[in-house]
*Asks:* 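Before I ask anything, let me first share the structure, which is written out below as structure tokens.
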Amino acid sequence: MAGQKLNPPSLLAEGGERTSGWTALRMNIMAASVVAEAVKSTFGPMGMDKMLVDSLGDVVVTNDGATIMREMDIQHPISKMMIEVARTQEAVAGDGTTTAVMFAGELLKEAGRLLDMGIHPIVVVHGYRMALKECLKILDKIAIDMSDDENTLKAIAKTTMIGKGVEQALEHLSDIVVKAIKSVTSVDSGKVNIDTDYIKLAKKAGAGIEATEFINGLILEKEKAHDSMPARVEKAMVALINMPLELKGKEIEAQISISDPHQLKAFINEQKATLKEIIDRIKSSGATVLFTEKGIDNFCLSILAQAGILTVRRVGRGDMEKLSKATGARVVTNLEELSQADLGYAGEVEEKNVSGTRMIYVRECREPKSVSILIRGGTSHIADEVERVIEDCLGAVPAAIVERKILVGGGATEIELAKQLRLSAKSVVREQLVVEAYANALEIVPKALAENAGLHPIDVLVELRSQNTKEGYKVGLDVFSGRIKDMFREGIIEPLRVKKQAITSASEVAVMILRIDDIMAATKLKLPGPEEILQMTGK
Ligand code: ADP
Ligand code: MG
């Protein structure tokens with residue numbers, strides 16, 4: 001058989017596809033860029049929104065990076081890695097998702113240029129890691145200490161919210177968000193703990209965003225259990241119970257044999273007497289409002305109504321816990337034990353009709369450890385977007401409170417980082433070009449802010465660099481006036497943690513993608529074609 005050439009055996013099953021080396025790298029860089037391009041146009045206060053339609057025709061209109069990525073339904077594995085960046089960013093920092101994805105895309109684009117120059121991917125990987133380390137150090141140095149006074153916290157909330165279609169209610173919403181966060185903040189032996197799980201977000205379309213309400217207590221999508229119960233109770237003494245108030249009917253038949261109808265009647269009467277006794281106990285504890293996780297039958301409801309006790313039944317377990325945190329009541333399982341000490345307090349409990357749905361407000365609680373926000377919007381799509389914006393704030397504001405460090409927005413931080421990185425690049429020989437490429441990639445932030453505001457990105461960049469040299473690291477682009485300003489003075493501030501996380505996860509995913517030189521797929525991979533790219537980027 002000498003001289004006969006053997007084909008190497010395929011490692012993959014039939015239908016699989018293997019892409020190696022340069023082609024694999026190029027394909028991956030392209031897939032990542034497509035995703036980054038898709039979110040870029042939404043970036044910053046002047047960013048546009050995306051309309052996403054799923055296979056069932058459901059529509060989401062949003063400016064939120066993480067939501068866009070989640071809903072885009074992208075199949076390419078590299079795109080999935082990018083989506084993961086957005087997801088992690090959202091989970092860890094609450095905000096900065098678009099920054100993270102866009103920066104990862106830009107790092108890869110720059111890497112593509114370096115590869116064209118003949119630089120080996122592993123040198124790029126190494127240089128990017130060095131640059132990231134250096135960036136984190138610089139960030140720590142330029143971060144500004146913050147006080148957690150209300151105005152600073154509101155400024156952080158506003159920077160997060162601006163450009164998300166809630167402009168008309170910016171002041172109002174930031175006020176609500178800060179109030180809610182303050183309610184669930186506690187300091188335990190010097191350690192700040194912020195439990196945002198105890199901020200309940202309820203949502204109802206049918207009124208403007210300005211009608212969004214803060215409730216210092218709980219709001220429930222429930223109604224009072226009996227028509228003749230009061231719809232409003234002031235200075236409410238709240239009892240929380242976890243036990244059904246029901247006559248036992250069928251179960252009894254199974255347990256005892258009844259030979260004569262009188263016996264059954266006697267038995268039921270006996271039960272009624274017991275239930276009445278229980279309700280008397282509730283009444284004599286001083287309770288004027290009752291919430292239960294379980295059911296209550298009509299017999300008991302009418303007694304409760306006669307007693308003038310506003311009752312809500314079948315409340316979810318999570319809401320019971322929140323009610324307990326808000327009012328200070330203890331959830332009682334054994335009613336024999338119910339006493340005044342178990343009751344909680346709410347200044348007002350009221351059933352209200354909110355755009356056609358009956359809701360129970362439990363408010364004016366004393367120092368509630370659980371609070372609510374009722375989100376309003378003209379339509380459900382608007383209310384959904386307001387909810388996403390508030391969720392971003394519930395990530396960003398606590399991040400700032402815990403760390404007490406902030407950075408200046410509007411591209412100011414990225415320009416400073418790029419400048420300092422370029423200076424540090426001079427001291428490394430082999431990776432110099434790579435660290436410079438990393439600095440270029442950082443400048444996507446002011447460039448995209450400018451581009452989305454209809455300004456010329458290069459003009460803005462040049463101006464920004466020159467002002468930064470003269471004035472220092474607080475100057476950034478104010479997209480509304482199109483001018484370079486001291487953005488710290490303008491109140492455009494962001495938590496250090498958000499930026500650190502965005503830069504870290506973007507760098508990590510870029511490095512991970514650059515290290516791949518072989519793709520073995522069980523089925524043929526579909527890379528978005530030029531038309532799809534056009535569709536996604538809207539250009
Ligand atoms: P992300 O998902 O990354 O948070 P956003 O679309 O929310 O993206 O935009 C955030 C960016 O907008 C930040 O870099 C922030 O500094 C910037 N920004 C906020 N307000 C202004 C402003 N008035 N002028 C310029 N940039 C701003
Ligand atoms: Mg944001």
Side-chain angles (χ1 to χ4, degrees), residues 5-40 65 68-70 72-89 100-132 430-438 440-442 444 502-537:
K5 200 164 170 261
L6 283 175
N7 279 332
S10 168
L11 298 174
L12 302 177
E14 207 174 323
E17 186 186 54
R18 183 171 179 185
T19 322
S20 305
W22 198 87
T23 323
L25 207 46
R26 285 287 155 187
M27 197 167 110
N28 288 343
I29 289 177
M30 168 146 175
S33 305
V34 171
V35 179
E37 273 297 321
V39 293
K40 192 171 134 195
I68 297 170
M69 306 285 282
R70 203 167 34 238
M72 262 199 309
D73 190 24
I74 312 174
Q75 292 309 326
H76 196 278
I78 291 297
S79 314
K80 287 194 173 157
M81 285 167 72
M82 297 285 277
I83 293 172
E84 208 42 46
V85 173
R87 214 177 277 154
T88 317
Q89 181 71 22
V101 174
M102 211 173 62
F103 182 46
E106 204 61 19
L107 281 174
L108 287 164
K109 251 194 247 164
E110 286 290 330
R113 260 170 239 148
L114 295 169
L115 299 181
D116 286 345
M117 289 158 69
I119 298 177
H120 193 276
I122 217 64
V123 178
V124 181
V125 164
H126 194 232
Y128 275 4
R129 284 197 176 132
M130 277 171 57
L132 169 64
R430 205 164 76 122
E431 288 85 3
Q432 187 170 5
L433 283 176
V434 184
V435 175
E436 278 171 6
Y438 192 98
N440 294 343
L442 278 167
I444 187 66
I503 292 180
T504 307
S505 49
S507 307
E508 279 171 0
V509 80
V511 161
M512 192 183 228
I513 292 173
L514 285 172
R515 287 171 55 92
I516 300 170
D517 81 334
D518 206 351
I519 310 167
M520 300 184 212
T523 53
K524 227 174 144 44
L525 291 176
K526 193 174 162 281
L527 191 68
E531 273 140 50
E532 274 168 281
I533 297 174
L534 280 178
Q535 254 177 16
M536 280 173 154
T537 55

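The figures here come from the full heavy-atom set of this structure, side chains too, leaving out hydrogens, waters and symmetry mates. Residue numbers run from 1 in the order of the sequence given.
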*Asks:* Using side-chain heavy atoms (C-beta onward) and a distance below 4.5 Å, is Lys40 in contact with Glu37?
*Replies:* yes
*Asks:* How about His120 and Val123: do any of their side-chain heavy atoms sit closer than 4.5 Å?
*Replies:*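 Counting from C-beta outward, His120 and Val123 do come under 4.5 Å.
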*Asks:* Taking all atoms of both residues into account, what is the closest heavy-atom pair of Glu110 and Ala441, and its distance?
*Replies:*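 What the structure gives for the nearest pair is CG-CB, 4.1 Å.
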*Asks:* Using side-chain heavy atoms (C-beta onward) and a distance below 4.5 Å, is Ile78 in contact with Ile516?
*Replies:*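 A side-chain contact under 4.5 Å exists here.
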*Asks:* Is it true that, when you exclude Arg515 itself, more than 12 heavy atoms of the residues, nucleotides or ligands shown sit nearer than 6.0 Å to its CZ?
*Replies:* no
*Asks:* Roughly how far apart are His126 NE2 and Glu431 CD, rounded to 0.5 Å?
*Replies:* 5.5 Å
*Asks:* Atom CE of Met82 and atom OG of Ser505: how far apart are they, to the nearest 0.5 Å?
*Replies:*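 Nearest 0.5 Å value for the CE-OG distance: 10.0 Å.
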*Asks:* With Glu508, which residues qualify under salt bridge (Lys or Arg N to Asp or Glu O under 4.0 Å), at least two apart?
*Replies:*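 Scan of Glu508 (salt bridge (Lys or Arg N to Asp or Glu O under 4.0 Å), adjacent residues dropped) gives none.
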*Asks:* For Ala510 and Leu108, which heavy atoms make the closest approach, and how far apart are they?
*Replies:* O-CD2, 3.7 Å
*Asks:* By side chain to side chain donor-acceptor pair (under 3.5 Å), which residues pair with Ser507, not counting sequence neighbours?
*Replies:*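 Partners of Ser507 under the side chain to side chain donor-acceptor pair (under 3.5 Å) test: Tyr438.
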*Asks:* Is there a side-chain contact between Ile444 and Lys109 in this structure, where contact means two heavy atoms from C-beta onward sitting under 4.5 Å apart?
*Replies:* no
*Asks:* If you look at every heavy atom in Ala437 and Leu114, which pair is closest and at what distance?
*Replies:*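 Heavy atoms of Ala437 and Leu114 come nearest at CB-CD1, 3.8 Å.
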*Asks:* Can you name the nearest heavy-atom pair linking Ser33 to Gly105, along with the distance?
*Replies:* OG-O, 4.4 Å
*Asks:* How many angstroms lie between atom OG1 of Thr88 and atom CD1 of Ile83, to the nearest 0.5 angstrom?
*Replies:* 11.5 Å
*Asks:* Less than 4.5 Å apart, side chain to side chain, heavy atoms only: is that true for Leu514 and Ile122?
*Replies:* no
*Asks:* Of all heavy-atom pairs between Ala31 and Ser79, which one has the smallest distance, and what is that distance?
*Replies:* O-OG, 4.1 Å
*Asks:* Nearest 0.5 Å, what's the CE-CZ distance between Met117 and Arg113?
*Replies:* 10.5 Å
*Asks:* If every non-hydrogen atom of Val435 is compared with every non-hydrogen atom of Gly127, which pair is closest and at what distance?
*Replies:*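 Taking every non-hydrogen atom into account, CG2-O, 4.0 Å.
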*Asks:* Working to the nearest 0.5 angstrom, can you tell me the gap between Leu442 CG and Glu106 CD?
*Replies:*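 Separation between the atoms: 10.0 Å.
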*Asks:* Please identify each residue that fulfils side chain to side chain donor-acceptor pair (under 3.5 Å) with Arg129, with sequence neighbours left out.
*Replies:*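 Partners of Arg129 by the side chain to side chain donor-acceptor pair (under 3.5 Å) criterion come out as none, since no residue qualifies.
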